[in-house]
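Note sheet for the following structure.
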Amino acid sequence: MRFASIPAINYPHRLTRKLRFSVNYSTSCALSSVNIIQDSNTHNWKYLDLQSRMQNYAASGDLPEALETLNFMKNVAGKPSIYDYNALFHRYLSSGNVSLEQLVQVYIGMKNFGPSPNRTTFNILLNGFLSLGYLRDAYFFAEEMTKSGMNPSFTSLSKLLKSSMKSARMLEEAYRFCAKLISKNLNFQAYVFNPVLWALCKCGKSSLALQLFYMMKKNGIAHNVCSYTALLYGFGRECLWVDLYSFLDQMRSDGCKPNVVTYTVIIKFLCDDGRIVEAFEILKSMEIEGCDPDLVTYNIIIRALCLYDRACDVLELLQLIHRRGFSPDPYTYAALAGGIMKVGKTKIAYELLRKVFTRNCTVDVVVYNIYFHCLCRNNRSREAFSLLKSMTKGGIVPTTVSYNTVLRGFCRDNEIQHALKLLECFEWPESGPDVVSFNTVLSAACKLGDLVLIQRVLQYMECKGVEPDVRSLTCLVRYLSTVGRYSECWRLLEYMICNGPVPSSVTFNIFLDKLCRNGFTSKAYQIFERIQKAGLSLDRKTYNILLRSFLRKRDINLVECLIQDMYKQRLDPDLFIYGSKISGLCQEGNISTALFTRDRTLGNGLTPSMEMCNRSLKTVMHKNKHRDMTCHGMVTT
DNA sequence: ATAGGGTTAG
């Protein structure tokens, strides 16, 4: 139950009035002010008895009985004390049967009539709600605690913040709470808030992290390498290279020396963004500074080299790693095999992994997963499946990813019925089947256009309580547009725009592509304009889909218009578009514009598709023999 | 006393 759903919390007076009848707080308060401890044995014995009875009631989840027992204690001077209340909360919260509303009533009663909650009270409440997974309520008590001039203990705070990292909404709550604590100038050090900085940076909120970073700095919290590294991670992840480099400068001028983790983070994101040269520059500069790269650093570079198909460099790097005294670990194998798989060299990946397995190298579940992927790509899904079933004997437990990979293998082999049967009958790990499992089979069913199968997957998904996401609905968009049910498809898209999950550029592209390919070019353009107006995500591919279509229709005005628009959005047309445009211009005999376009292609850093240019030029040359010279110049320069 | 690497679906 959520706090917000309890209207009473907004009306504490109404609550307390009710409370006065059930537990006589005012009397208990008056008694506690009489500071005489009646030390008679009977009283003491009675009190101890009440105490244990009260705690038993609380532990069994019977709060009303526990409160009534607590109420009897008021016959003993100074009782019930704050310790009794704390014990009550502690027992009750772990009873497994907690009524939030009743508990809050007790809390409000304490605030109004005593005994006042102390540090322990708050920590018990905080930890109790955290264990129950009621984060919002934990924050409520954390706020209450700071309002009462107390700070959560370091452990409670860390636990609270750590639990908040799982969802975006709670992360922002954590941010707000940290900001509040920081502004109060409490004596927390950087390491308390660094996890929040990291969590913000890991989910693409580096600007928010930066605000927190400066807030900390302004309030005298000294940053350490870890704080700076978090921000560099955030900037790298979001490809904010200008910010990243200037922040690195700032870090150095603040007297904080980047370490191997800092540099590794930068190298990773440079590699991910295709900036291999810069990544190697960072590698060089760290070696100059005497900050030695470790296996993590090298593994990242190995993967990047595989992704860019630079096998020779990989070999050299592997030798270097060996010379520096490192031995490959499961991450190395995964980087190698995963990278090789991504560039489509499944045979090489297969040979490599076979060696890894036959030589008894240390592997883990991810290496297995890549091996499964590899086997499936080589039409050996059944072999993958039997290995999946036997791998546990080797002490490695398959994950949902393992199952999903094999599932995908069966779908690839067009054994959809088999895949569906496995989806329903697998002994899934705790986390499965997940949305990926369903999307795997759903995608195959949609590509086949098999409505019965689609419905069966969706039904089973609902039965398992797995919510469809953008990808699931994108599959349905593919199905609807493949079978030509465009208006229904558009209705689905409109539904998604209004209610979520918001369609991605991939979703739109599938729809627009189908429209264009079936001749509904102007309809596609209309929809494109509406998407654009709504500020939803479109990408390079969207433009290229429309451009191809308009090029076919020879609508040069719209082509020019779209290309201009792309430049404004800092998107590059793909080579096909350039080639087609040049070829179209050539065919019209407009060679000077063709040349201009060709030069701009070069200026954009795109390797011009000379093949395509040449092909169109050949055609043109036959048509316009008198322009031979100009055309020849274009082919060779 | 906080931090960095590899795998699946549109």
Side-chain angles (χ1 to χ4, degrees), chain A residues 154-155 158 161-162 188-199 201-202 223-233 236-237 258-269 271-272 293-304 306-307 328-342 349 353 363-374 376 398-409 411-412 432-444 446-447 468-479 501 503-510:
Chain A
F154 170 71
T155 38
S158 309
L161 295 178
K162 213 170 242 168
F188 285 116
Q189 286 176 49
Y191 70 88
V192 181
F193 303 110
N194 281 348
V196 182
L197 286 181
W198 271 99
C201 289
K202 283 193 171 181
H223 283 298
N224 56 30
V225 205
C226 190
S227 343
Y228 284 97
T229 305
L231 267 300
L232 291 166
Y233 182 104
R237 204 194 94 113
N259 63 17
V260 62
V261 178
T262 317
Y263 286 123
T264 303
V265 163
I266 299 174
I267 288 172
K268 179 200 156 42
F269 289 115
C271 286
D272 284 355
D294 59 17
L295 193 57
V296 178
T297 324
Y298 288 126
N299 285 342
I300 288 165
I301 295 170
I302 285 175
R303 179 169 172 272
C306 289
L307 286 175
D329 67 356
Y331 282 86
T332 317
Y333 304 131
L336 278 165
I340 294 169
M341 282 297 290
K342 282 240 161 73
L353 286 173
V363 294
D364 64 4
V365 67
V366 177
V367 181
Y368 265 100
N369 291 348
I370 298 170
Y371 190 46
F372 293 144
H373 189 193
C374 199
C376 291
T399 61
T400 301
V401 177
S402 324
Y403 288 87
N404 290 346
T405 306
V406 175
L407 212 52
R408 163 88 175 145
C411 289
R412 262 182 59 92
D434 60 7
V435 70
V436 179
S437 331
F438 286 104
N439 287 350
T440 304
V441 185
L442 188 62
S443 163
C446 286
K447 278 179 186 157
D469 64 4
V470 209
R471 288 171 186 231
S472 330
L473 298 187
T474 301
C475 289
L476 296 180
V477 164
R478 183 192 294 281
Y479 165 72
S504 69
S505 57
V506 180
T507 323
F508 289 126
N509 291 347
I510 287 170

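The chains referred to below are lettered A, B, ... by the order of the sequence lines, with proteins before strands, and numbering in each begins at 1. In this text the structure is predicted, and so the values were computed from the model without any measurement.
- Picking from B/dA9, B/dG6, B/dA3 the nucleotide with the shortest atom distance to the side chain of A/Cys226 gives B/dA3.
- Checked by distance alone, A/Asn369 brings no side-chain donor or acceptor within 3.5 Å of a matching partner on the base of B/dG6.
- Among the atoms of the strands shown, base atoms are found under 4.0 Å from some heavy atom of A/Val260.
- Checked against side-chain contact (heavy atoms from CB on, under 4.5 Å), A/Ser505 has the following partners two or more places apart in sequence or in another chain: A/Asn509, A/Ser537, A/Asp539.
- One finds no side-chain N or O of A/Lys342 lying less than 4.0 angstrom from the OP1 or OP2 phosphate oxygen of B/dG6.
- A/Arg471 has no side-chain polar atom (N or O) that falls below the 4.0 Å cut-off from OP1 or OP2 of B/dT8.
- Donor-acceptor pairing under 3.5 Å, judged by distance alone, is absent between the side chain of A/Asp469 and the base of B/dG10.
- At the heavy-atom level, A/Val367 lies under 4.0 Å from base atoms of the strands shown.
- A/His373 has its NE2 atom 11 Å from the P atom of B/dT7, to the nearest Å.
- B/dT7 atom C1' lies 15 Å from atom CG of A/Leu407, rounded to whole Å.
- Of the candidates B/dA1, B/dG10, B/dG6, the closest approach to any side-chain atom of A/Tyr191 belongs to B/dA1.
- In this structure, A/Thr297 reaches the bases: a heavy-atom distance under 4.0 Å links it to at least one base atom across the strands shown.
- In summary, the aromatic rings of A/Phe188 and A/Phe154 are positioned with their centroids too far apart to meet the 6.0 Å limit.
- When each of B/dA9, B/dG10, B/dT7 is scored by its nearest atom to the side-chain atoms of A/Val470, the top-ranked nucleotide is B/dG10.
- Between A/Arg478 and B/dG10 there is no side-chain polar atom (N or O) within less than 4.0 angstrom of OP1 or OP2.
- You won't find any donor-acceptor pair under 3.5 Å spanning the side chain of A/Thr229 and the base of B/dG4, going by distance alone.
- Applying the 3.5 Å distance criterion, the base of B/dA1 shares no donor-acceptor pair with the side chain of A/Asn224.
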Which is it for A/Thr399 and A/Ser402 under the side chain to side chain donor-acceptor pair (under 3.5 Å) test, yes or no, and what are the steps along the way?
CA-CA 5 Å; A/Thr399 61; A/Ser402 324; 3.3 Å; yes
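- Among the atoms of the strands shown, none is found under 4.0 Å from any heavy atom of A/Tyr263.
- Comparing B/dG4, B/dA9, B/dG10 against the side chain of A/Val261 picks out B/dG4 as the nearest.
- Checked against B/dT8, B/dG6, B/dG4, the side chain of A/Val401 finds its nearest nucleotide in B/dT8.
- A/Ser504 comes within 4.0 angstrom of a nucleotide base, judged by non-hydrogen atoms across all strands.
- Between A/Pro330 and the options A/Asp364, A/Val366, A/Val365, a side chain to side chain contact (heavy atoms under 4.5 Å, CB included) holds for only A/Asp364.
- For the pair A/Ile510 CD1 and B/dG10 C1', the interatomic distance rounds to 6 Å; values are reported in whole Å.
- When the side-chain nitrogen and oxygen atoms of A/Thr440 are compared with OP1 and OP2 of B/dT8, none of them lie within a distance under 4.0 Å.
- To the nearest angstrom, P of B/dG4 lies 14 Å from CG of A/Leu231.
- Using a 3.5 Å distance cut-off with no hydrogens or angles, the side chains of A/Thr507 and A/Ser504 do pair a donor with an acceptor.
- A/Asn439 and A/Asn404 form no side-chain donor-acceptor contact under 3.5 Å, judged by distance and modelled atom types alone.
- At the heavy-atom level, A/Lys162 lies nowhere under 4.0 Å from the strands shown.
- In this structure, A/Arg237 atom CZ and B/dG4 atom P are separated by 13 Å, rounded to whole Å.
- Within 4.0 Å of A/Cys475, counting heavy atoms only, lie sugar-phosphate atoms of the nucleic acid but no base atom.
- Looking at heavy-atom distances under 4.0 Å, A/Val265 makes contact with sugar-phosphate atoms alone, never a base.
- At a threshold of 4.0 angstrom between heavy atoms, the contacts of A/Asp294 include nucleobase atoms, whether or not backbone atoms are also involved.
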